[in-house]
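Here the structure is a predicted model, which means the values were calculated and not measured. Numbered from 1 within each chain, the chains take letters A, B, ... in sequence-line order.
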Protein chains: 2
Amino acid sequence: MTTQARRSVTIEDVAQHAGVSRAAVSKVIRDAYGVSDEMRVRVTASIAELGYRPRASARAMRGSSYTLGFEIPSIHNHFFPKIITGAMTALAESRYQLIIAPAGPDHDQGPQAIEVLADRQVDGIVAISSRVPQEWLEELGRTTPLVMIGRHHASVHYDTLVADDIAGAALAVRHLYDLGHRRIVHLTLAEGVPDATSSTPHGVRALGYERVMRELGLEPEFLRVDPDDARGRDGGESQAYAAVFELLDRADEPVAIFAAHDELALGVLRAVAELGLSAGQASVVGYDDTDIAEHPRMSLTSVNQSGTRMGAIAVRLLLERIAGRAQSVHEVVAPKMMARGSSAAPEHRAHERRRRTP
Amino acid sequence: MTTQARRSVTIEDVAQHAGVSRAAVSKVIRDAYGVSDEMRVRVTASIAELGYRPRASARAMRGSSYTLGFEIPSIHNHFFPKIITGAMTALAESRYQLIIAPAGPDHDQGPQAIEVLADRQVDGIVAISSRVPQEWLEELGRTTPLVMIGRHHASVHYDTLVADDIAGAALAVRHLYDLGHRRIVHLTLAEGVPDATSSTPHGVRALGYERVMRELGLEPEFLRVDPDDARGRDGGESQAYAAVFELLDRADEPVAIFAAHDELALGVLRAVAELGLSAGQASVVGYDDTDIAEHPRMSLTSVNQSGTRMGAIAVRLLLERIAGRAQSVHEVVAPKMMARGSSAAPEHRAHERRRRTP
DNA sequence: AGAGTTGTGTAGATCGCTCTACGTCCATCG
DNA sequence: CGATGGACGTAGAGCGATCTACACAACTCT
């Protein structure tokens with residue numbers, strides 16, 4: 001294990017050490033056709049002895065970089081780590097490595113993080129950001145294998161993977177309805193926020209919410225927050241808190257709140273906690289079933305869209321694409337309801353009319 | 001904005017379009033010396049018109065890839081995103097991009113994630129994993145700018161950045177002592193787990209704990225968990241839960257538990273919640289002050305080591321290194337106590353001797 | 001005026017790998 | 001026995017950038 005400090009060991013060094021050509025070494029490390037057993041053994045030994053590691057950037061120039069890139073819109077939303085975990089597990093035995101490019105705090109940096117990956121010549125990209133124009137993605141998908149998570153529209157040049165958000169929203173609303181709630185408010189992103197178009201998870205959840213509410217003969221009631229308002233990099237938790245605090249403070253009857261994702265739901269729970277309301281007085285349902293939801297102190301009812309499975313599927317789709325599949329695929333996974341303590345049968349507040357201000 | 005689908009636009013295309021040499025274009029994009037205003041304008045225009053983006057892998061072959069790599073040991077520990085956030089903010093105005101390589105679920109993959117970054121020819125690496133041998137890092141630091149977070153030992157070939165874990169542990173213990181607690185248990189990682197040597201955060205916290213306990217005339221009492229036991233990728237939360245459940249179930253007197261990090265503390269809180277104990281009966285202090293600690297439903301007392309600041313400092317150190325600084329630096333940041341509801345003055349349990357089993 | 005400076009641009013080598021094309025050896029076959 | 005074809009290796013071009021020279025003006029000094 002002689003390691004020379006100055007310049008690190010290249011394929012040339014290995015070739016010389018093994019007494020063969022560069023091409024031969026290349027074949028061995030790529031497990032390509034045309035290598036005898038004897039040669040494979042010899043080269044492998046040299047590689048080990050010299051501690052050689054092929055440089056991804058050099059490989060990327062002609063062949064592949066053996067790297068898959070994941071773009072995640074926010075490093076704070078605990079849902080994304082689930083996807084990554086699923087992806088890493090799926091990738092464990094493969095020769096591919098995974099790197100993550102987080103989108104910057106300025107949310108308009110939609111494509112930027114994805115470009116970072118493309119510039120790095122990754123062999124394929126999984127992206128989640130909903131704030132990226134469709135055409136832009138089509139363009140990218142034309143040259144790079146691409147899987148978009150959370151796009152309800154199928155595409156020609158890239159694969160899409162999405163949870164059935166209509167069904168998920170229905171699960172949430174029905175759960176609350178079955179508990180006995182009749183005032184069910186949907187907390188979601190402000191219109192104008194690019195996420196909220198109909199093809200995005202939030203947009204579709206809102207749609208599903210509205211649809212089920214009407215089916216149930218209830219009047220939809222939206223509460224919208226704009227996470228961009230906050231320079232507070234918390235994904236809307238504090239906006240949700242403020243908006244819901246006001247709403248709940250005003251309300252005298254039981255209210256159920258269906259938040260478009262757990263981050264928002266946490267803000268809701270904060271307001272509920274500060275107002276000292278019970279789950280019956282203010283029921284909360286989140287979306288994503290992030291790790292923390294299950295904690296007994298949180299006990300947040302949430303819709304699970306199995307992030308780990310999505311991560312694994314995304315990887316599978318991407319590898320298929322890289323392997324050559326031409327036509328695009330649109331996969332949909334089914335969500336599950338996770339009922340917990342934050343939602344309960346409606347319970348009327350004591351008659352002393354309480355009102356507080358933050 | 002004519003974008004040719006087939007082969008993407010290279011520096012050669014830009015050069016031809018602008019009627020200059022490749023070298024000239026290269027100078028412009030690197031903002032290098034020897035470009036006239038007139039040329040800069042012309043080239044910039046061509047770049048914009050063609051939608052040219054330099055490929056990081058090609059750049060990396062001779063120059064730099066303008067990429068910094070962050071290795072994080074676990075995608076689940078909510079402390080690390082804080083560091084990333086700080087780093088991204090610090091990097092916002094620079095030409096450098098940030099990518100993340102998460103360590104795999106198998107914890108022995110210490111160096112692997114770091115190697116992934118090194119193989120990608122990043123210009124510098126910030127790594128957090130404590131499960132990497134010192135010599136290995138020295139070797140790496142010899143060839144690549146490297147900042148290690150959470151290493152208490154200074155090094156010759158890389159910079160180190162650490163919070164004062166002795167002081168942090170003292171803050172935690174003193175806080176509990178001042179509340180009136182006398183039985184203060186330290187929940188930390190099992191010996192044998194590589195993290196727990198004296199140079200790692202957990203090792204040093206344990207050391208600090210022991211030291212302060214003795215100063216206060218109290219007997220240290222360790223409770224150790226081994227996160228590797230769990231194939232449960234939860235960073236020890238479930239082990240912590242199990243261990244503490246048993247301890248608390250047995251105890252009749254108030255117990256204070258100082259957990260080595262918030263992830264463990266959440267497990268403790270889970271046990272506390274299930275046993276229905278008050279903060280006075282079982283006080284909990286965590287470490288890292290992750291986002292969730294501050295939530296009123298959690299209200300976890302925790303030691304804050306300002307992850308965002310650490311991220312920003314790490315970036316600064318790395319950029320200094322890249323710029324040429326030769327001798328290594330060892331920075332220490334001071335922790336802060338965040339007292340919240342999970343810790344309270346000891347309160348004796350009601351006399352009916354309760355005992356439950358999971 | 002000749003010799004330095006600057007300032008600006010280009011040519012061409014080079015980074016470390018992969019890939020195509022081709023050469024060689026050897027066994028098999030008509 | 002020469003042709004055929006498969007197995008195994010090698011040579012050398014090429015990927016897209018950067019970087020080191022160096023050329024050529026246009027100025028500025030003696």
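Comparing B:Ala58 and B:Gly34 along DNA chain C, the residue whose closest nucleotide (by nearest heavy atom) sits nearer the 5' end is B:Gly34.
Spacing between atom CZ of A:Arg59 and atom C1' of D:dG16 amounts to 18 Å, rounded to whole angstrom units. Between B:Glu12 atom CD and D:dA17 atom C1' the separation is 11 Å, expressed in whole Å. The distance between atom CD1 of A:Ile11 and atom P of D:dG12, rounded to the nearest whole Å, is 17 Å. What separates CG of A:Asp31 from C1' of C:dC19 is a distance of 16 Å, to the nearest Å. If you measure from atom CZ of B:Arg55 to atom C1' of D:dT18, you get 15 Å, rounded to the nearest angstrom. Distance B:Gln121 CD to D:dT18 P: 15 Å, rounded to the nearest Å. Here the C1' atom of nucleotide C:dG7 and the CZ atom of B:Arg40 are 13 Å apart, to the nearest Å. Taking atom CG on B:Asp37 and atom P on C:dG7, their separation rounds to 13 Å, with Å as the unit.
Of the charged side-chain nitrogens involved, none lies within less than 4.0 Å of a carboxylate oxygen, so that B:Glu138 and B:Arg142 do not count as a salt-bridged pair. Between A:Arg316 and A:Glu331, at least one side-chain nitrogen of the basic residue sits less than 4.0 Å from a carboxylate oxygen of the acidic one, meeting the salt-bridge criterion. Taking a cutoff of 4.0 Å between a charged side-chain nitrogen and a carboxylate oxygen, A:Arg321 and A:Asp159 qualify as a salt bridge.
In the set D:dT18, D:dA17, C:dT18, the nucleotide with an atom closest to the side chain of B:Ser26 is D:dT18. Distance from the side chain of B:Glu38 is smallest for C:dG9 among the nucleotides C:dG9, C:dT8, D:dG9. Looking at the side chain of B:Ser36, the nearest of the listed nucleotides D:dA17, D:dC19, C:dG9 is C:dG9. Considering only side-chain atoms of A:Arg30, the nucleotide from C:dC17, D:dT10, C:dC19 that sits closest is C:dC19.
Of the residues in residues 14-22 of chain A, those lying under 4.0 Å from DNA chain D by heavy-atom distance are A:Val20, A:Ser21, A:Arg22. Listed by residue number, A:Met61, A:Arg62 are the residues of residues 60-69 of chain A with a heavy-atom contact under 4.0 Å to DNA chain D.
Taking the side chain as every heavy atom from C-beta outward, A:Leu137 and A:Met148 approach each other to under 4.5 Å. A:Ile99 is not listed as a side-chain neighbour of B:Ile100, based on a closest heavy-atom distance of 4.5 Å or more.
Applying the side chain to side chain donor-acceptor pair (under 3.5 Å) criterion to A:Arg40, with sequence neighbours excluded, gives no partner residue. Qualifying side-chain contact (heavy atoms from CB on, under 4.5 Å) partners for B:Gln327, counting only residues two or more places apart in sequence or in other chains: B:Arg325. Under the side-chain contact (heavy atoms from CB on, under 4.5 Å) criterion, B:Pro81 pairs with A:Ile75, not counting sequence neighbours.
Between the side chains of B:Ser65 and B:Arg120, no donor-acceptor pair is found at a separation under 3.5 Å.
Proximity of A:Tyr52 to the phosphate of C:dC17: a side-chain N or O atom is located under 4.0 Å from OP1 or OP2. In terms of phosphate contacts, A:Tyr33 brings a side-chain nitrogen or oxygen within less than 4.0 Å of OP1 or OP2 of D:dA7.
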Please list every donor-acceptor pair under 3.5 Å in which a side-chain atom of residues 19-28 of chain B meets a protein atom from a residue at least two apart or in another chain.
{"unit_1": "B:Ser21", "atom_1": "OG", "unit_2": "B:Ala24", "atom_2": "N", "d": "3.2"}
{"unit_1": "B:Ser26", "atom_1": "OG", "unit_2": "B:Arg30", "atom_2": "NE", "d": "3.0"}
{"unit_1": "B:Ser26", "atom_1": "OG", "unit_2": "B:Arg30", "atom_2": "NH2", "d": "3.1"}

